Trainee: 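Encoded as structure tokens, here's the structure I'll be asking about.
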Amino acid sequence: MGTATTNKIPLILLFGPTAVGKTDLVLELFRGRGEIINVDSVQVYRKLDIGSAKPDKSYLEKLPHHLIDIRDVHEQFNTADFIRLADEAAADIAGRGLIPVLTGGTAFYFKNFCIGLAQGAPPGDPAIREKLERERLERGIQTLWTELEKADPVYAGKIHVNDELRIMRALEVFRQTGRPLSSFGQDDKFRDQYEYCLIGLTREREELYRRIDRRVDIMMESGLPGEVKALAEAGLTGKEPGLDAIGYREFFEMKERGCMTLSDTADRIRRNSRRYAKRQLTFFHSLPGVSWFHPEKKKEISLFIDSFLSKHSVSLLT
RNA sequence: GCCGCUGUAGCUCAGUCGGUAGAGCAGGGGACUGAAAAUCCCUGUGUCAUGAGUUCAAAUCUCAUCGGUGGCA
């Protein structure tokens, strides 16, 4: 029905599991007419280049990226930061007449970008987290769960007794506000300042795993051990927020255990990447309104995008 | 060539006195309210190498065949 007059910004959201083939596709589809908003919780960190499969300089020159290299590894980045910065970037890109393209593999960021964070829920508080962590170590997670069950029976009923981080987050909210986390309702309506085009990329599992294996080999050969060594020599311990990531944590674990070889480490990185890819797919499958494609079906994807843009491109034209 | 050991889940292996099998890892499925590459939950059917025999009953005992492996030549 023609082009509706609307000032919503049209957005392409393109996601898929690690190593599915997003990078090549995105360059072909959007070079010269779009800019990328990175949706990857590790690529936001400086110095984590090889292990996060960050696009290199020449790639970034061909296709500008936002939200890459914006934090040091000891800084905690989070979902709220992501949404705020992504909103700013989207407005900026669209304002220059280009297509904003959110692409990456962090499903949690995609989800919360679309539906928005729970209104009124407080941000994380490092002091409370530290205190909760101490209590967890002293008294065990069961005790904290029991406390949560009293404070927020609804939320406690939804999560598992062993789910440390969620239990601690819920208690953190309760201790800050005196209100249960579940009282800050998050409805699943998409935020209405955008028109969304959700594209999921996937492959046969076997094929995906082969690509993951190959990518890890390439990372090892192209200097991942050296990248991690440099981080360690700069005084980092592996406990920093940015380093709790596949491809980095395995090296620090290797150091702790002492008895692992480089090839054992590579094996673990491969395995953890496969499991991660599986979790990503589970999460992406739960998002509503996604059109799924094989990343090599470029023509189909391109037609799909063009048809979306022709319906919603009012604010991009003239 | 001879003697010994061995063949069970994708891999490594367990399986008692014969009663049609179970661990670890890998794998599979799922959850997701400001740490998310995080955190957490659920999940084990497989020609017991093949063929024949003994037996009410064979992964288990016997024989043959075909693999693997160690020793002696």
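For the numbers below, each heavy atom of this structure counts, side chains included, while hydrogens, waters and symmetry mates do not. Every value quoted in this text rests on a predicted model; they were computed, and no experiment measured them. Every chain is numbered from 1 and lettered A, B, ... according to where its sequence line falls, protein lines coming before strand lines.
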Trainee: Should the pair A/Lys158-A/Asp152 be classified as a salt bridge under the 4.0 Å nitrogen-to-oxygen rule?
Mentor: no
Trainee: Does a side chain donor of either A/Arg136 or A/Thr143 reach within less than 3.5 Å of an acceptor in the other side chain?
Mentor: no
Trainee: Among residues at least two apart in sequence or on other chains, which ones pass side-chain hydrogen bond (donor to acceptor under 3.5 Å, both in side chains) with A/Tyr248?
Mentor: A/Glu227
Trainee: Any side-chain N or O of A/Thr282 under 4.0 Å from OP1/OP2 of B/rA31?
Mentor: no
Trainee: Listed by chain and number, what are the salt bridge (Lys or Arg N to Asp or Glu O under 4.0 Å) partners of A/Arg211, not counting sequence neighbours?
Mentor: none
Trainee: Would you say A/Arg249 places a side-chain N or O within less than 4.0 Å of OP1 or OP2 belonging to B/rU39?
Mentor: yes
Trainee: Base, sugar-phosphate, or nothing: which does A/Phe82 touch, judged by heavy atoms less than 4.0 Å apart?
Mentor: nothing
Trainee: Collect all protein-nucleotide pairs involving nucleotides 40-43 of chain B in which both atoms are nitrogen or oxygen and the distance is under 3.5 Å.
Mentor:
unit_1 : atom_1 : unit_2   : atom_2 : d
B/rC41 : OP1    : A/Asn162 : ND2    : 2.7

Trainee: Hydrophobic clusters join Ile, Leu, Val, Met, Phe, Trp and Tyr when side-chain heavy atoms are under 4.5 Å apart, directly or via other members; which others share one with A/Val173?
Mentor: A/Ile128, A/Leu132, A/Ile141, A/Leu144, A/Trp145, A/Leu148, A/Tyr155, A/Ile159, A/Val161, A/Leu165, A/Ile167, A/Met168, A/Leu171, A/Leu181, A/Phe184
Trainee: Step through the shown structure and confirm whether more than 12 heavy atoms of other residues, nucleotides or ligands are within 6.0 Å of NZ on A/Lys298.
Mentor: yes
Trainee: With a 3.5 Å cut-off and sequence neighbours excluded, list the donor-acceptor pairs that the side chains of residues 282-293 of chain A form with protein atoms.
Mentor:
unit_1   : atom_1 : unit_2   : atom_2 : d
A/Thr282 : OG1    : A/Lys278 : O      : 3.1
A/Ser286 : OG     : A/Phe283 : O      : 2.6

Trainee: Which heavy atom of A/Thr265 sits nearest a heavy atom of A/Met254, and at what distance?
Mentor: OG1-SD, 2.8 Å
Trainee: Would you kindly confirm whether A/Val20 and A/Leu27 end up in one hydrophobic cluster when ILVMFWY residues are joined by side chain heavy atoms under 4.5 Å apart?
Mentor: yes
Trainee: Can you check whether A/Tyr248 has a side-chain N or O nearer than 4.0 Å to OP1 or OP2 of B/rA37?
Mentor: no
Trainee: Let's see if you can work this out: which of B/rA35, B/rU33, B/rG28 has an atom nearest to the side-chain heavy atoms of A/Arg205?
Mentor: B/rG28
Trainee: How far does the P atom of B/rC11 sit from the matching atom of B/rU69, given to the nearest Å?
Mentor: 16 Å
Trainee: Can you tell me if A/Tyr155 touches the phosphate of B/rC32, counting only side-chain N or O atoms and a distance under 4.0 Å to OP1 or OP2?
Mentor: no
Trainee: Can you check the distance between B/rC48 and B/rA59, where both ends of the measurement are the C1' atom (answer in whole Å)?
Mentor: 5 Å
Trainee: Once Watson-Crick and G-U wobble pairs under 3.5 Å are found, how is RNA chain B written in dot-bracket notation, 5' to 3', with | for any base paired to another strand?
Mentor: (((((((..((((.....[..)))).(((((.......))))).....(((((..]....)))))))))))).
